[in-house]
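See below for the structure under consideration.
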There are 2 protein chains.
Amino acid sequence: MVRRFNRSVTQRVGALDDGYLSRDRPLAQSRLLWEIGPVGAEVAAVRTRLDLDAGYLSRLLRTLESAGLIVVGPGAGDGRVRTARLTEAGRAEWAVLDRKSDELAWSVLEPLTDGQRSRLTSAMAEVERLLMASLVTIEPCHPGEPRARACLRAYVRELAARFDAGFDPGGSSVDDHELVPPAGLFLVATVATEPVGCGALRLCPGEPAEIKRLWVSDSVRGLGVGRRLLGELERRAVAAGADLVRLDTNRNLTEAIRLYRNSGYHEIPAYNSNPYAHHWFAKPLA
Amino acid sequence: MVRRFNRSVTQRVGALDDGYLSRDRPLAQSRLLWEIGPVGAEVAAVRTRLDLDAGYLSRLLRTLESAGLIVVGPGAGDGRVRTARLTEAGRAEWAVLDRKSDELAWSVLEPLTDGQRSRLTSAMAEVERLLMASLVTIEPCHPGEPRARACLRAYVRELAARFDAGFDPGGSSVDDHELVPPAGLFLVATVATEPVGCGALRLCPGEPAEIKRLWVSDSVRGLGVGRRLLGELERRAVAAGADLVRLDTNRNLTEAIRLYRNSGYHEIPAYNSNPYAHHWFAKPLA
DNA sequence: CATGATTACTGACTTTAGTCAGGCATTCCC
DNA sequence: GGGAATGCCTGACTAAAGTCAGTAATCATG
């Protein structure tokens, strides 16, 4: 079924989409214009999203700029990063693309009955969610890397928002930079270069391994990413010789607590004095 | 939802697919090799399926031929159309592509749980079916055109297979070539150049319009194509001034009979002496 | 059997996409 | 404050994709 789907849907609809998006301008330019959007975008962000060569992208930007569709100026913060914004003409062009995209969507739905339409859209949503889930890759990464930093920032932000008394990362028991082998490790989950989750492991010879910094982005919640991260951390803990893994957590993180219980963790007495922790869990490793 | 789907699924998976399919050969060549397949294919058929320029295709064929992957020889029937066949090496290459395609499919399913997998494949099947339904276009066409001939051949073949006593098209009450305005009209339903259904209307001033030659291919049955053809025929009958439309049918064509009943047709006495007809229906037009 | 349509092919092109190396300015990190 | 890293840019390429006009062979048709 997957193959059939790739062949028929992906190619047919993809071609249709490209045809609509193109029109009188090379496809790459239209895609770039579209990606910049009415609110503008940083060049670096666009580059990773579209996965373009830096030189190629620069040239495309120059073309659009000389066509009077965009202006590329200095960014707000980092002076190296430049931001592209649509001009008046660019906004008009963007609106045309937007309308065409709507027309394409409508042309797909138009011939169908109401029942078929609702079945199609819900099936599309399902495919999109599950495909997103399957595109999530989990791999080790240095905690200093940008991807890791992005995850950790999001992690701290989320804890600060959800803990009853906020969260001060300063008092943390572990410095992120310690989470490298052999003292520990850091895993990041990404979907197409965008980080969507992370998890860390602290290893002390002779002591149980400890799981820290488990976080999953809203955008992929409910797709089993947390479970996969947890499983991968356990596997690596076993590989490092640990026979027990433990962790602490806050009572407000109910999904996490449910995940731990469903994954074979049982509650244990406090093994540390983390002021934000209300529950301590452990799981013996085979 | 449709737009979101186009953007995320179509582009992401499409790119993945192309990446796998390519490898060490230009994408167009791989696609062509794949399209020819182990059973071979007529050049003309490939050309319409991939929608390639004749010159470009010819060049691609020459490249594959000089790489020893295919041989292009004369076709069986028409001496103008040539057929491409894979050589031994070509078959091996094709098998590699086939395996890669399998790997891609597996890489999509692999990270998912069993439940997610089955949900994904059924959602994909649903999307594919409904998208196919929405890609069906219905338009008038001269009965002499190749698309129309293909439909009529399939129509006759199907009647011959399903009628109790077979079917002899020779005794037909209406010559196909009469089905052009103003005496009648012929509609063909196509999905991406492939004809998948047809229907005809006979118009006599002062008499009821008559529906004939309604046929829908197996490949799109159950997607509402028959209903759309019927509706379009009725609309055109109204436009031509008819206030009643009627038709005859064979008792073995149960789906058709069900369609007529569900579409507001009621059974009437025989209005002709078609030896293959068991039921006669009519519907007043608004 | 002449005529026009269809099919495939060739040669001469253009455009698009993409790569690579080197350079300059800015920022990060001890 | 001095590398090292990062982000963007330019110039010089290459390969792939696609277009167009003209030609030869074959077929359908009156």
Side-chain angles (χ1 to χ4, degrees), chain A residues 15 18-19 21-33 36 41-67 70-84 142-150 175-177 193, chain B residues 11 14-15 18-19 21-33 36 41-67 70-84 142 144-147 149 177:
Chain A
D18 289 352
L21 202 58
S22 170
R23 227 29 178 173
D24 52 351
R25 192 179 314 289
L27 190 57
Q29 286 179 34
S30 289
R31 268 204 293 253
L32 176 55
L33 191 69
I36 291 171
E42 297 188 342
V43 172
V46 169
R47 197 161 60 84
T48 62
R49 272 213 298 274
L50 293 181
D51 190 32
L52 293 174
D53 173 81
Y56 183 32
L57 172 58
S58 189
R59 209 173 312 281
L60 287 173
L61 286 171
R62 268 333 60 68
T63 313
L64 288 179
E65 204 167 30
S66 71
I70 63 170
V71 286
V72 180
D78 192 327
R80 292 168 300 184
V81 178
R82 317 225 302 152
T83 63
H142 190 279
E145 270 187 43
R147 296 181 295 171
R149 308 299 296 272
D175 184 4
D176 290 333
H177 286 275
T193 76
Chain B
Q11 295 202 6
D18 289 354
L21 201 59
S22 171
R23 232 21 179 181
D24 54 350
R25 193 181 314 287
L27 188 58
Q29 285 179 34
S30 289
R31 269 205 293 253
L32 177 54
L33 191 68
I36 291 171
E42 298 189 342
V43 172
V46 169
R47 197 159 62 83
T48 62
R49 272 213 298 274
L50 293 181
D51 191 30
L52 292 174
D53 173 81
Y56 183 32
L57 172 59
S58 190
R59 206 173 315 282
L60 287 173
L61 287 170
R62 265 335 62 66
T63 313
L64 288 179
E65 202 168 31
S66 71
I70 62 169
V71 286
V72 180
D78 192 329
R80 291 167 303 181
V81 315
R82 318 224 301 152
T83 63
H142 190 280
E145 270 187 43
R147 296 180 295 170
R149 308 299 295 272
H177 287 276

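Computation of the quantities below employed the complete heavy-atom set of this structure, encompassing side-chain atoms and omitting hydrogens, waters and symmetry-equivalent molecules. Predicted model, so just to flag it, every value in this text is computed and none were measured. Letters A, B, ... are given to chains in the order of the sequence lines, protein chains preceding strands, and every chain is numbered from 1.
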So does Arg82(B) get a side-chain nitrogen or oxygen closer than 4.0 Å to the phosphate oxygens (OP1/OP2) of dT7(C)? no
Could you tell me whether Leu57(A) contacts a base, only the sugar-phosphate backbone, or nothing, with contacts defined as non-hydrogen atoms closer than 4.0 Å? nothing
Starting from the 5' end of DNA chain C, give me the residue, Glu42(B) or Leu27(A), whose nearest nucleotide shows up first. Glu42(B)
Whole-Å gap separating P (dA17(D)) and CZ (Arg62(B)): 17 Å
Regarding dG11(D), can its base be found pairing with the side chain of Arg59(A) as donor and acceptor, where the two atoms are less than 3.5 Å apart? yes
To the side chain of Tyr56(B), which of dC8(D), dA17(D), dT26(D) is closest? dA17(D)
Quick one: closest heavy-atom pair of Ala41(A) and Arg49(A), and the distance? CB-NH2, 4.4 Å
Whole angstrom is fine here: how far is it from CG in Asp53(A) over to P in dA21(C)? 11 Å
Would you mind telling me which residue lines up with the more 5' stretch of DNA chain C, Gly79(A) or Gly55(B), judged by nearest nucleotide? Gly55(B)
Should Leu52(B) and Leu60(B) count as side-chain neighbours, where that means a heavy-atom distance under 4.5 Å? yes
Does a donor on one side chain sit under 3.5 Å from an acceptor on the other, for Arg62(A) and Ser58(A)? yes
Categorize Asp78(A) for me: base, sugar-phosphate, or nothing, with a 4.0 angstrom heavy-atom threshold over every strand shown. sugar-phosphate
Any non-hydrogen side-chain atom of Leu61(B) less than 4.5 Å from a side-chain atom of Ile36(B)? yes
